[in-house]
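Here is the naming used below: chain letters follow the sequence lines, and residue numbers restart at 1 for every chain. In this text, all values refer to a predicted model and were calculated from it rather than measured experimentally.
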Amino acid sequence: MAEQRVITAEGLQQLIAILAGEGRRVIAPTVRDDVIIYDDIESIDDLPLGVTDVQGPGSYRLVDAPEAEYFGFVVGPHAWKKFLHAPQIELWRAQREGGGVNIHAADIYAERAAFIGVRACELAAIAIQDRVLTGGQHVDAHYKMRRDHALLIAVNCSKAGGSCFCASMETGPAATGGFDLALTELKTAQDHLFLVDVGSSAGQALMDQISSRAATAQEHNAAQAQVEHTTESMGRSMPAGVNTPQLMADNLLHPRWQEVATRCLSCANCTMVCPTCFCTTVDDVSDLAGERYARERRWDSCFTMDFSYLHGGGVRNSVASRYRQWMTHKLSTWVEQFGSSGCVGCGRCITWCPVGIDITEEVRAIAGVEAV
Amino acid sequence: MTKTVKVDVLARVEGEGGLKVTIRDGVVRSAELNIFEPPRFFEAFLRGRDFSEAPDIVARICGICPVAYQMSAVHALENIHGVTLSPQLRALRRLLYCGEWIESHVLHIYMLHAPDFLGYAGGVEMARDHGDLVRQGLQLKKVGNEILNFLGGREIHPINVRVGGFHRAPRKKEFAPLAERLKWARDAALATVHWAGTLEFPERERDYTFVALRHDQEYPFNEGRIVSNRGLDISADDYDKHFEEIHVPQSTALHSRFRDTGAAYLVGPLARYSLNFDRLSPLAQEAARAAGLERTCRNPYRSIIVRAVETLYAVDEALRVIEAYEEPDRSFVAIEPRKGEGCAATEAPRGLLYHRYRLEKDGTIAEAQIVPPTSQNQASVEEDLVEFIGGFLDLPEEALRHRCEQTVRNYDPCISCATHFLRLDIDRG
Amino acid sequence: MALMSAHRLSTTSGCGVPADVPRLGYVRGRRSDAPGVWTLDIEMADDAPCDFAPGQFNMLTAFGVGEAAISISGAPGGERLIHTIRDVGPVSHALANLAPGDPIGVRGPFGVGWPMATPGSDVLIIAGGLGLAPLRPSIYDILARRDAFGAVTLLYGSRRPEDIVFHAEVEAWRREKKINIELTVDHAGVDWRGHVGVVTGLLPRVQLDPSRAIALLCGPEVMMRFVGAALTEQGLDATKIFVSMERNMKCAIGHCGHCQLGPTFICRDGPVFTYERMRPLMSVKEL
Amino acid sequence: METLEQMLGAHPFFAGLDPSFIGLASGCAHDVSFAAGEFICHEGDAADRFYLVREGHVALQISAPGRGVATFLTVGPGEVFGINWLAPPYRWSYDARTVEKTHAVALDATCLRVKCENEPALGYALTKRVLPVLIERLHACRTQLLDLYGVPS
Amino acid sequence: MTGRHKRPRLAVWKFASCDGCQLSLLDCEDEILALAEAVDIAYFPEATRSEISGHYDISLVEGSITTAHDAVRIQEVRRRSTKLIVIGACATSGGIQALRNFSDVKEYTRIVYARPDYIETLATSTPISDHVRVDFELRGCPINKHQLVEVLGAFLVGRRPATPAHSVCVECKLKGNACVMVAHDAPCLGPVTHAGCGALCPSYNRGCYGCFGPKETPNAPALSAKLSELGMDQRALARLYSTFNANADAFRQESERHDQDGQG
């Protein structure tokens with residue numbers, strides 16, 4: 001890998017301008033209604049400078065940050081899957097003509113997007129969705145088109161959130177690959193710098209247009225230290241020394257599933273905010289004349305009754321079985337299906353569960369390990 | 001010889017009612033508007049609720065004009081708390097009301113009232129011969145609904161209104177698509193006024209007592225004094241001193257009348273227009289004149305033109321509000337509950353809508369009173385029938401029945417509203 | 001803005017159409033095979049070949065109504081796609097009631113079919129209800145090269161005699177004596193001269209040589225559980241028992257997640273699995 | 001000519017039974033055959049025989065007014081019916097009618113019961129052979145009740 | 001021109017209600033004329049004087065049963081309808097007027113009407129399904145007009161209407177909203193409420209107030225525990241579930257659980 005470069009906030013602004021100039025949508029964290037979401041930005045001023053998030057089970061707050069950093073927070077309610085694996089799309093439409101039907105596959109458009117501020121756990125999540133949606137015999141053309149045209153500009157986390165446990169999932173907090181550029185924000189009393197690792201030729205081409213200098217050893221070490229500090233301050237962890245996939249497989253009848261069902265709302269929030277959950281369903285629609293048809297696809301969740309519907313009723317009627325499906329899939333069967341865990345430790349399912357059910361805590365309960 | 005004209009179920013009105021006209025020796029002896037819509041007891045179950053719940057609850061009185069209920073309620077409750085809204089929030093409320101006027105008036109003009117003039121059973125049937133006309137009406141109505149959708153969340157029972165303001169105030173730039181639609185709507189509304197002016201009207205007039213709000217500068221929506229063409233000029237606080245409601249056997253709605261004389265009065269577009277012509281925008285005034293209206297209109301059949309003029313005004317006003325809009329710092333004023341009593345009247349599409357609330361000190365509603373426009377107009381409807389139908393008695397049975405119906409429909413009666421009324425602890429025997 | 005920077009991709013899979021978009025076909029024939037069970041004969045509008053492996057399924061679309069996974073019940077290598085459908089829900093109702101000439105959407109074939117038996121092996125085919133439909137292609141396949149197999153037996157359980165699908169054809173197979181056939185029903189009147197009782201009750205009648213037999217099972221999951229257990233009890237290795245599973249399928253390509261059973265996607269990894277693989281999964285309630 | 005003892009010994013129901021017990025039982029046995037469509041017994045009659053089917057098929061039926069005759073089980077070679085012999089009130093709870101020409105060994109119920117009383121080991125051995133039949137039929141009955149092939153409501 | 005041989009007959013009936021749900025049909029400005037092509041609008045007093053009597057292929061029923069007369073009338077509607085689709089919270093759960101079910105209706109009548117003797121009413125407001133078999137229930141106070149078009153379109157082609165029974169949360173996340181309860185402590189019934197509105201209230205920075213009634217398998221006690229943490233007292237909880245779907249089982253039970261003193 002090429003040497004680390006250093007840019008300033010102006011350099012970052014330059015980068016945004018270059019990306020926009022290329023006709024790209026520039027999407028980055030930005031504050032809306034007191035929450036950091038991912039949305040289009042026009043300049044560095046749209047980034048959440050000086051705010052940070054305080055997260056825990058079922059709780060999220062934005063507060064003023066001790067340091068005026070651009071990326072001094074962790075992940076919010078949005079995942080990048082919103083842009084890559086769109087929440088709702090039309091697959092095809094058709095029209096009755098004569099005795100037949102004309103079927104038109106939906107045009108597959110990709111916005112050329114640049115994602116700024118992709119965290120290590122999110123890179124891992126994108127890699128997982130890549131395997132799910134493009135790694136098999138069939139390729140999701142909509143996903144692939146968007147994915148191929150997305151530029152990933154990662155940010156190494158300078159702090160860990162209250163729900164974060166990427167370190168224990170070995171997916172972060174530092175980006176190790178799968179990005180075009182990776183930034184480490186270094187804020188000191190004197191300087192506000194970004195160390196840049198280049199991860200692709202596209203990334204290099206961008207760097208070539210921005211004024212930068214080589215990182216000093218001191219800066220390099222400071223960045224390392226920051227990542228180490230983040231690792232050490234993780235809000236949560238998956239229990240160490242537990243073979244989680246096997247644990248799940250061995251405990252399909254554990255009483256904890258019943259217990260969690262008393263708390264679980266089966267509202268599906270965890271699956272919706274999860275950056276790897278990929279399930280979708282389709283609805284067929286028609287006009288009132290019964291002559292035009294379309295099929296629409298949208299995100300679905302294994303927490304809905306309809307998900308497992310089989311002429312007459314659902315296969316998973318109890319909330320316990322639906323929670324079990326989600327958790328065992330994420331942590332166990334996923335490994336057999338796609339070669340890795342489906343969990344990247346981003347903690348969204350913990351923060352955005354309205355009643356604060358904590359997946360790491362549930363694993364501990366089933367493993368019989370004391371809470372930390 | 002006695003003859004009875006009965007309409008069991010009045011069509012093309014909101015809610016369920018019928019009418020009965022009794023004719024003896026060629027003279028209309030009596031007319032009754034029968035409202036058999038079942039009672040729903042809103043004032044009763046408002047008791048014990050928190051004041052903050054009122055806007056959502058009262059909206060359910062009427063699916064046609066929920067905004068009117070929300071507006072009267074929030075103003076009454078804000079009056080109790082002495083809250084004044086910022087000009088931006090006040091303007092947003094006016095805009096929301098514009099949406100409801102447009103939606104409600106256009107529905108009545110095109111789908112409910114016009115078929116009476118053009119000889120169709122309904123708007124859908126009319127569309128088979130007058131497709132472009134009906135489509136224009138539907139699209140114009142849709143613009144009203146788009147305002148409600150945008151600002152209220154949805155057209156029926158909007159969710160964005162709260163005591164003290166709104167849950168969310170829109171951003172200035174979000175208005176752009178709506179403004180574009182409203183510019184189209186202004187032309188469509190103007191065309192509607194012109195078209196309405198070309199209809200044929202029975203030459204029937206009555207010397208109504210008009211009652212409506214009147215505001216210093218504006219055509220009235222949310223605020224103003226209650227005035228009449230016979231010299232009444234009171235604040236809403238004095239409404240109860242001047243008006244009363246009585247309960248008649250044929251109706252689950254209450255009739256209103258002047259407390260002192262027992263006389264009927266008229267609220268709604270004719271009254272509003274005739275009392276506030278000078279407050280209309282120049283565009284609306286000009287269109288009204290071009291469509292053959294005087295500054296005062298006493299012919300209830302011509303209310304279709306008046307509604308069109310008010311629609312044009314509402315579109316015009318909506319554009320003005322959007323143009324002048326500035327984002328407020330906060331979308332609402334926080335309110336600490338206090339004990340007290342307060343009332344407010346606003347102008348629902350169908351006319352004056354009066355609310356009064358008494359609160360406990362923790363904000364619990366102790367008592368609520370709501371007087372909707374349709375119950376205020378009931379007596380007037382019946383008088384219209386008695387006076388006008390006499391001139392139509394030579395018509396064949398079916399045509400006469402139709403004319404009776406039209407006479408009721410002139411009022412755009414909202415029976416669903418009318419039945420949710422109330423009167424507290426008063427037995428006038 | 002989005003459109004300006006958009007690129008359009010023309011994606012085609014092997015048959016020229018994305019896997020999530022149906023191809024157009026026309027119903028050419030429709031006949032009743034049992035009460036509420038209809039077999040459609042579909043011709044593809046694009047004349048594309050209708051290759052498939054026995055046990056695979058297609059996703060059929062009734063336009064405006066929806067899509068359902070329907071196993072292919074015709075002979076491999078045919079000109080037309082043959083599907084047998086039970087009218088149970090809105091989509092299958094619409095499909096089953098398509099008339100000749102009506103358009104229909106087809107995606108597929110999908111999934112993993114029945115194993116090709118090694119030459120010389122005995123084949124025990126056990127079907128329940130409409131489960132005979134996805135097994136019929138493999139029966140055609142066996143009959144087409146009958147000499148390659150040892151003893152071939154079909155045990156078929158049905159609800160009532162009139163619910164036996166392909167009844168005339170089954171009787172014709174029986175007359176040909178190329179395969180042994182035992183039918184049983186759950187309920188029968190006096191006219192029925194065959195067996196009454198559950199399909200497992202027929203197993204003792206079969207001379208099973210566990211060393212050279214494979215078993216193909218398709219029917220309600222409860223039936224397959226019991227038959228699988230009975231066969232292993234009789235010494236047949238669970239790896240030589242194959243079951244065809246059913247779950248809610250939407251995408252049919254392992255992307256939508258609906259049809260998961262434990263670690264498997266029924267649409268992609270199945271619908272045919274070894275009993276060995278399914279046994280632990282079928283035993284957990286609501287998995 | 002096959003003896004009754006040989007017939008019993010060859011029937012799966014008696015497979016592996018102590019030969020002395022088979023000898024005892026054969027003392028109660030008769031070789032019987034029925035034409036197709038013949039009633040072997042009727043619901044409500046005394047269950048005086050226990051049948052071991054050797055060839056042919058027998059339909060076990062219950063009839064209900066207005067619903068006709070329903071066969072709920074057919075019994076073929078190697079199978080048994082008439083296990084009512086073992087438990088009071090020793091009455092048939094169904095009709096048994098041959099589907100085709102049927103050969104069976106009929107064991108006299110009274111005779112068998114007396115021998116079992118006198119020789120509890122025989123009684124226990126036979127009970128152990130009757131029980132699995134009962135369990136299997138009960139299970140079959142449950143799955144039939146599930147109406148597995150029917151359409152879920 | 002439609003591909004169908006005979007146009008189905010549609011009727012719209014009103015019982016105790018605010019009219020809003022049937023108004024939704026007239027609010028379908030872009031679809032109403034197409035609908036009039038696809039079906040014969042045979043009975044719809046709010047829209048037309050014309051009336052075709054006899055049998056109807058599809059009846060839309062708005063409102064709840066609150067009078068003895070209406071209890072009889074709904075039987076007649078059922079008899080004359082092939083498919084009976086009930087629309088809105090009044091028709092599916094009894095509506096807001098079902099609050100009377102938990103009080104003394106005579107007292108209510110006395111509060112509201114000067115002459116209670118003129119008023120005939122039942123002690124309860126009940127959903128249509130308490131009286132007759134219904135073929136489909138479309139939720140909402142009011143219903144979502146797009147869902148109404150979907151239901152009508154679905155019935156015309158024989159499709160199962162796409163009106164998912166899952167939580168509002170799913171719609172909220174599809175829209176990209178951040179959870180108002182997690183991020184702003186706003187009490188929200190979204191996790192136990194039937195989808196269909198498009199997550200309106202959270203999109204306007206307020207918690208869902210449950211106007212589509214309980215979702216499939218709602219776990220209201222678990223949500224109430226969270227709401228208590230957010231500071232809602234028993235009385236507030238009892239009221240929260242007791243509004244436009246007060247009579248729907250899951251909401252009624254949860255409301256009653258918190259309404260120990262009957263003050264809800």
C/Arg160 versus chain D, the contacting section by heavy-atom distance below 4.5 Å =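 Neither part.
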Quick one: pull up [atom1] in [X] and [atom2] in [Y] and give me the separation to the nearest 0.5 Å.
X	Y	atom1	atom2	result
D/Leu148	C/Met224	CG	CE	10.5 Å
D/Tyr149	C/Leu130	OH	CG	12.0 Å
C/Arg159	D/Gln144	CZ	CD	12.0 Å
D/Thr74	C/Arg193	OG1	CZ	12.0 Å
D/Thr143	C/Arg225	OG1	CZ	11.0 Å

Who wins among D/Val69, D/Leu73, D/Asp147, D/Thr71 for the most heavy-atom pairs under 4.5 Å with chain C?
->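 Greatest number of close heavy-atom pairs with chain C: D/Thr71.
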Specify which of C/Ala188, C/Gly189, C/Pro220 makes the most heavy-atom pairs with chain D at under 4.5 Å.
->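 Heavy-atom pairs under 4.5 Å are most numerous for C/Ala188.
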Heavy-atom cut-off 4.5 Å, strictly under: side chain, backbone, both or neither for [X] against chain C?
X	result
D/Gln61	side chain
D/Ala140	both
D/Leu146	side chain

Applying a criterion of heavy atom separation less than 4.5 Å, what residues of residues 168-176 of chain C form contacts with chain D?
->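 Residues of residues 168-176 of chain C touching chain D at under 4.5 Å: none.
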For D/Glu117, does the CD atom have more than 12 heavy-atom neighbours from other residues, nucleotides or ligands under 6.0 Å away?
->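 No, not enclosed.
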Check the surroundings of atom OH in D/Tyr124: do more than 12 heavy atoms from other residues, nucleotides or ligands lie under 6.0 Å from it?
->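 Open.
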